[in-house]
A.B. asks: 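Input: one structure, supplied below.
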Amino acid sequence: MNILDTFKSRHLFEDMTSPELAKALDKTICVYAGFDPTNDSLQAGNFVTIMTLAHLQRAGHKVIALVGGATGLIGDPSGKSKERNLLDAGQVERNLEGIKENLSRFIDFDPASKNPAIMVNNYDWFKDFTFVDLLRDVGRYFRMGVMLGKDSVKKRMDSDDGMSFTEFCYQILQGYDFLHLYKTYGCVLQLGGSDQWGNITAGTELVRRMCGAEVYGMTFPLVCDSTGKKFGKSEGNAIFLDARKTSYYDFYQFFLRAHDADVIRYLKIFTFLTLERIAELEDSLNKAPERREAQQALAEELTRTVHGETGLAVAKKATQVLFGGSLEGLAASELENIFANVASATLPIEQVMNQPVSEVLSAAGMLSSKGEARRLMQQGGVYINNERVADAARSFGQTDLIEGRLAVIRSGKRNFFILKVSHGA
RNA sequence: GGUAGGGUACCGAAGUGGCCAAACGGGGCAGACUGUAAAUCUGCUGGCGAACGCCUUCCUUGGUUCGAAUCCAAGCCCUACCA
C-alpha cells in the first residue's frame with residue numbers, strides 16, 4: 001500500500017500541493033515537519049504530526065524534525081486569534097531537549113540505526129541572517145498579493161485585534177526553512193496541519209522560484225472531537241507527553257474517556273494498530289459500547305508508546321483503585337505513588353485536625369474559597385478517601401488521615417487532591 | 001493627528017441615578033440517570049457567614065449627590081473610519 005493511501009485510510013490526509021507527490025513517494029525521499037518550541041514537552045495536539053512522520057520513517061523515508069527556535073520567537077498567526085507571547089532564546093534552548101526526548105518515543109533518532117531521523121533548529125540558520133540579507137535575498141521572491149491573500153493573514157486582518165508586521169513575516173521565515181532544508185538535505189516534502197497550508201505553500205513556491213525545483217507539501221486534518229473542540233485538552237489543560245506535567249494516570253484517562261463517536265478515528269490516527277484490528281474494535285463498540293474496548297485499546301496503546309509498560313501499569317493500577325471504590329488496604333506510600341502528579345498540599349497538623357473540612361480545603365488551595373467548599377459539600381460532591389462527605393459542617397478527624405499523614409480528597413467523579421499533614425518539629 | 005463608538009463578573013451581553021452582587025446566554029462546577037458515555041433533568045457559579053445579613057466589585061483617579069455601574073472631569077486602553 002502506498003504511504004499516501006495509508007494516510008488517506010487513517011484520516012491523516014487533507015490536501016497536497018501536487019498529485020505528483022504520489023510518484024515522488026515511490027522513491028525514498030526526505031521529509032520534514034515543524035514543531036513549535038513553546039514548551040519543554042510536546043502535547044497530545046502534536047500527535048498527528050508525530051504519527052505522520054513516524055509512518056514515513058517506517059516506510060523508509062528520511063525524516064527531519066524541525067524545531068522552530070527562530071520562528072518560535074516570532075509566533076505563527078495561523079489559527080490564533082491573538083498575537084502570541086514571545087519566547088526568550090534561553091527558554092527555547094531548554095525546550096528543544098525536551099521535545100527531542102518526546103519525539104524519540106515515536107521516531108528513531110539513534111545515529112546507529114539504519115534510517116535515523118535528525119533534528120534541526122531553524123535558529124541555527126536564522127541567527128546570523130540580517131534584516132538586509134533577508135530583504136535582498138529572500139524578500140524579493142515574496143509577492144505582496146500572495147502574502148496578503150493567505151487565509152491566516154486575512155482572518156487576522158479582519159479580526160478586531162489586527163496583526164503585527166512581525167507575525168506577518170512569519171510565512172517568510174517558514175518558507176525559507178523549506179528552502180534551506182532543500183538545499184542542505186535535499187528535503188522535498190513538508191508536512192503540517194491544514195492550518196499550515198499557507199506557510200507550506202510559501203515554502204514550495206520559494207524553492208520553485210529560487211531553485212526551479214518542484215517540492216511538495218502535504219497537510220493532514222486538524223483533529224477535533226465530535227463536539228468540535230480541538231483535540232488534546234482536558235478541562236482546558238493540555239495533555240503533555242512529559243510525565244512530570246501529565247501523570248501516567250491522567251494521560252491514560254484522557255484517552256480512555258474518548259467519546260464513542262471519536263474513538264475509532266483516534267485509533268486510526270494515533271496508533272499503529274492494523275486497520276483489521278481497528279475494524280474488530282469498531283464492531284465491539286457497536287455491539288457492546290458499554291464495555292469500551294475501543295477506548296481501552298486506544299488508551300493502552302498510546303500510554304505504552306509514550307510511557308512504556310511501567311507507565312501503563314501504574315496508570316491501570318491507579319484507575320482500578322480510583323474507580324474500584326474503597327481505598328482500604330492501601331498504604332500511604334502506595335497512594336503517594338499513584339497520585340504522584342495529582343495536585344497536593346501539605347498543611348501543619350494543627351490546621352487540619354478538628355478544623356472544618358471547608359476551612360481545610362480552601363487553606364490547602366484545592367478550592368478557591370470556603371464558600372465553594374461548603375457549596376460543593378452541600379451538593380454531595382466531596383469525598384474523603386472515597387467516602388462522600390455527608391455533613392457540610394463536619395470537621396476533619398483522626399480517621400480521615402491514612403497512617404496519620406495523608407488524605408485523598410476528591411471532588412466530583414474524578415478530580416483528586418492529596419492532602420498531606422506535617423507534624424511540626 | 002481628526003472624527004465616531006467603546007471598556008460591566010470566565011466569555012458574550014443587559015442595565016444608563018436608589019428595587020444592583022448586578023438580567024439573560026454561553027462556559028464551568030456539582031448532583032440524579034448512565035457505560036468513568038451522549039442526551040436529559042436539578043442545583044450552584046464575588047468574599048465572609050448556619051442564617052437575617054455584612055463586606056469588596058461594573059477600566060483608573062478625583063468630583064456631584066442622602067445615594068453612582070449609571071451623572072461630571074481628567075487619565076489610560078481598545079475599535080472603526082479619515083489623515
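Convention: sequence-line order gives letters A, B, ...; per-chain numbering from 1. These figures come from a predicted structure and were not determined experimentally.
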A.B. asks: I'd like to check the side-chain hydrogen bond (donor to acceptor under 3.5 Å, both in side chains) partners of A/R374; sequence neighbours left out, ordered by chain and number.
C.D. replies: none
A.B. asks: A/Y383 side chain N/O closer than 4.0 Å to the phosphate oxygens (OP1, OP2) of B/rG31?
C.D. replies: yes
A.B. asks: Among residues two or more places apart or on two chains, list those pairs meeting ring-ring contact (aromatic ring centres under 6.0 Å, His included) that have a residue in residues 132-154 of chain A.
C.D. replies: none
A.B. asks: Mapping A/Q379 and A/E359 onto RNA chain B by nearest heavy atom, which one lands closer to the 5' end?
C.D. replies: A/Q379
A.B. asks: Counting any heavy atom closer than 4.0 Å, what does A/R388 reach on the DNA or RNA strands: base, sugar-phosphate only, or nothing?
C.D. replies: sugar-phosphate
A.B. asks: Residues in side-chain hydrogen bond (donor to acceptor under 3.5 Å, both in side chains) with A/D260, at least two apart?
C.D. replies: A/Q295
A.B. asks: Determine: side-chain N/O of A/R414 to OP1/OP2 of B/rA37, distance under 4.0 Å, yes or no.
C.D. replies: yes
A.B. asks: Heavy-atom contacts under 4.0 Å between residues 360-378 of chain A and RNA chain B, which residues?
C.D. replies: A/S369, A/K370, A/G371, A/R374, A/R375, A/L376
A.B. asks: What class does the angle between the rings of A/F126 and A/Y176 fall in, given that below 30° is parallel, 30 to 60° is tilted and above 60° is perpendicular?
C.D. replies: tilted
A.B. asks: If you assign each of A/G380 and A/R292 to its closest nucleotide in RNA chain B, which residue comes earlier from the 5' end?
C.D. replies: A/G380
A.B. asks: Taking the inter-plane angle between the rings of A/F231 and A/F270 on a 0 to 90° scale, is it parallel (under 30°), tilted (30 to 60°) or perpendicular (over 60°)?
C.D. replies: parallel
A.B. asks: Between A/E293 and A/K287, is the closest basic N to carboxylate O distance under 4.0 Å?
C.D. replies: no
A.B. asks: In this structure, is the centre-to-centre distance between the rings of A/F220 and A/H11 below 6.0 Å?
C.D. replies: no
A.B. asks: Output the residues of residues 279-287 of chain A in contact with RNA chain B, where contact means a heavy atom of the residue under 4.0 Å from an atom of the strand; sort by number or write none.
C.D. replies: none
A.B. asks: Pairs of donor and acceptor atoms involving the side chains of residues 389-404 of chain A, under 3.5 Å and at least two apart or interchain, shall be tabulated with distances.
C.D. replies:
residue: A/D391; atom: OD1; partner: A/A393; partner atom: N; Å: 2.9
residue: A/R394; atom: NH2; partner: A/D400; partner atom: OD1; Å: 2.8
residue: A/R394; atom: NH2; partner: A/D400; partner atom: OD2; Å: 2.4
residue: A/D400; atom: OD2; partner: A/G397; partner atom: N; Å: 3.0
residue: A/E403; atom: OE2; partner: A/A332; partner atom: N; Å: 3.0

